[in-house]
Amino acid sequence: MNTSRLKRVLPGLALIIGAMAGSALAMVPGPAPETTDTQAVRMICSASCKPCYTQNDCGQGEGSCGVWRCINP
């Protein structure tokens with residue numbers, strides 16, 4: 001194989017090897033979760049900090065239901 005053809009083939013070969021390495025890394029399991037508490041993330045009404053599951057759980061003036069950080073304890 002002459003050098004000019006090698007220069008054309010090398011980037012494609014590197015791309016294929018990189019894709020294969022990325023696929024292999026995607027199959028490696030990640031670290032254990034920091035907590036096993038399933039209630040660690042709670043949905044609350046944004047204005048009242050009241051726990052909620054749907055938007056209907058938040059009354060008028062209590063904001064929207066979602067994963068928020070409560071600043072009014």
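- Using modelled atom types, one side-chain atom of Gln55 and one backbone atom of Gly63 make a donor-acceptor pair closer than 3.5 Å.
- Here the straight-line distance linking atom CE of Met43 with atom OG of Ser64 works out to 9.0 Å at 0.5 Å rounding.
- One distance of note links SG of Cys65 with NZ of Lys50; it measures 9.5 Å at 0.5 Å rounding.
- Between the SG atom of Cys45 and the CH2 atom of Trp68 there is a distance of 11.0 Å, given to the nearest 0.5 Å.
- With Cys58, the cysteine Cys52 has an SG gap of 2.5 Å or longer.
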